[in-house]
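A quick write-up on the structure given underneath.
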Amino acid sequence: MVPPVFTSSPTEYRPDENSEEECAPITPTTKGSSFLFDSSILADEIVGHVPNGLRVRPLHIDDYDKGFLHVLSQLTSVGEIDRSSWEWRFRSMQRTIPSTYFVCVVEELDSTRVVGAATLVLEWKFIHSAGSRGRVEDVVVDESMRGKKLGVLLNDVLVRLAKQMGVYKVSLECNDKLIPFYEQFGYKKDAGNNFLVQRFDGHSKM
């Protein structure tokens with residue numbers, strides 16, 4: 001019998017009533033893990049040089065208490081997320097098959113707080129020989145740590161990770177003033193193509 005996946009509502013998630021196996025499919029690298037994805041993926045050649053006192057790692061389920069959402073709120077609207085909603089979202093992202101969400105964080109070792117984060121999302125396609133496309137999203141550094149090139153660190157990690165994952169291209173969305181920053185990582189304007197959007201949340205943060 002195939003285990004059911006999460007429903008569309010976090011209120012349906014009751015970790016005290018169901019085992020992990022009953023809630024959603026488990027992959028060999030996520031079963032029993034508290035990291036969003038297999039931490040061995042972030043090998044030295046992917047992470048590169050990290051300043052003393054910091055480390056780059058996958059998002060951890062305990063980051064709810066370590067400032068991840070506070071850092072994310074410095075980029076855009078986060079809203080009210082209680083622990084149950086957090087755990088439901090974390091587990092549903094963790095158990096995608098194939099793995100889709102690679103949220104990387106910078107942790108300050110002394111305080112164990114999250115001081116930066118960035119996300120690589122993989123889109124699995126039929127085109128390009130059933131290939132995959134990468135999207136870089138939600139790149140943010142805590143205001144107390146800006147000016148230390150942690151944004152450069154996170155972007156380097158995600159570009160190298162995307163290449164390792166074998167994507168046929170990686171893209172991101174940014175405002176005009178950040179174009180020169182992202183060009184240093186190899187991004188270019190895609191001439192003739194435009195990014196269009198419809199918003200339904202009413203909470204965009206400019």
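Bear in mind that the values here come from a model prediction, so they are computed numbers and not experimental data.
- Using a 4.5 Å heavy-atom threshold, the side chains of Met165 and Pro98 count as separate.
- The CD atom of Glu107 sits 4.5 Å away from atom CZ of Arg55, with the distance rounded to the nearest 0.5 Å.
- More than 12 heavy atoms of other residues, nucleotides or ligands lie within 6.0 Å of NZ in Lys125, so this atom counts as buried by the packing criterion.
- Within the 4.5 Å cutoff, the side chain of Leu54 has no heavy atoms near those of the Lys148 side chain.
- Within a 6.0 Å radius of OH in Tyr101, no more than 12 heavy atoms belonging to other residues, nucleotides or ligands are found.
- Salt-bridge check for Lys149 with Asp156: failed, with every basic side-chain N at 4.0 Å or more from each acidic carboxylate O.
- For the pair Ser92 (side chain) and Trp88 (backbone), a donor-acceptor distance under 3.5 Å is present.
- Between the SG atom of Cys104 and the CG atom of Leu161 there is a distance of 6.0 Å, given to the nearest 0.5 Å.
- Taken to the nearest 0.5 Å, the CD atom of Glu137 stands 8.5 Å off from the OG atom of Ser171.
- Within the 4.5 Å cutoff, side-chain heavy atoms of Gln94 are placed close to those of Leu36.
- Between Val105 and Lys66, the closest side-chain pair of non-hydrogen atoms is not below 4.5 Å.
- Under the 4.5 Å side-chain contact rule for hydrophobic residues, Tyr168 and Val159 do not share a cluster.
- For the pair His60 and Phe35, the tightest heavy-atom approach, listed with the atom from each and the gap, is CD2-CE2, 3.6 Å.
- The two residues Glu108 and Val115 make their nearest non-hydrogen contact at CB-CG1, 4.1 Å.
- Judged purely by distance below 3.5 Å, without hydrogens or angles, the side chains of Ser84 and Asp82 never pair a donor atom with an acceptor atom.
- When atom types are taken as modelled, the side chain of Arg57 and the backbone of Ser39 share no donor-acceptor pair closer than 3.5 angstrom.
- The two residues Val103 and Phe37 make their nearest non-hydrogen contact at O-CE2, 3.5 Å.
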Going through the distances and angles, do Gln164 and Ile41 end up as a side chain to side chain contact (heavy atoms under 4.5 Å, CB included)? CA-CA 9 Å; Gln164 176 175 283; Ile41 292 174; 3.7 Å; yes
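- Annotation: side chain to side chain contact (heavy atoms under 4.5 Å, CB included) contacts of Leu178 (sequence neighbours excluded): Cys174, Asn175, Tyr182.
- Side-chain contact between Leu42 and Pro58: present, with at least one pair of heavy atoms (C-beta onward) separated by less than 4.5 Å.
- Summarising the geometry, atom OG belonging to Ser99 is positioned 11.0 Å from atom CG belonging to Leu120; distances are rounded to the nearest 0.5 Å.
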Take His70 and Val114, measure what side chain to side chain contact (heavy atoms under 4.5 Å, CB included) needs, and give me the verdict at the end. CA-CA 9 Å; His70 171 69; Val114 172; over 6 Å; no
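- Within 6.0 Å of CG on Asp190 lie more than 12 heavy atoms contributed by other residues, nucleotides or ligands.
- Closest approach of Ala118 to Leu158, counting heavy atoms only: CB-CD1, 3.6 Å.
- Scored by the side chain to side chain contact (heavy atoms under 4.5 Å, CB included) test, Asp110 finds no partners at all (sequence neighbours excluded).
- Listed here is the closest heavy atom pair of Leu69 and Val78: O-CG2, 3.8 Å.
- Distance check: Ser33 OG to Asp38 CG gives 7.5 Å after rounding to the nearest 0.5 Å.
- Nearest heavy-atom pair, Leu150 versus Pro51, reported as atom, atom and distance to 0.1 Å: CD2-CG, 4.3 Å.
- Each of Leu72, Asp65, Val71 was scored for a side chain to side chain contact (heavy atoms under 4.5 Å, CB included) with Phe68, with one residue passing: Leu72.
- Listed for the Trp86 side chain is a donor-acceptor partner under 3.5 Å among the backbone atoms of Ile61.
- Remark: Arg160 pairs with no residue by the salt bridge (charged side-chain N to carboxylate O under 4.0 Å, His left out) rule, at least two apart or across chains.
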In sequence, state the C-alpha distance, the side-chain angles, and the governing distance for Leu75 and Asp138, and then conclude on side chain to side chain contact (heavy atoms under 4.5 Å, CB included). CA-CA 7 Å; Leu75 176 69; Asp138 302 338; 4.0 Å; yes
Could you check Tyr187 against Ile179 for side chain to side chain contact (heavy atoms under 4.5 Å, CB included), going step by step and ending with a plain yes or no? CA-CA 8 Å; Tyr187 293 99; Ile179 290 175; over 6 Å; no
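- At a threshold of 4.5 Å between non-hydrogen side-chain atoms, the residues Phe90 and Leu59 count as touching.
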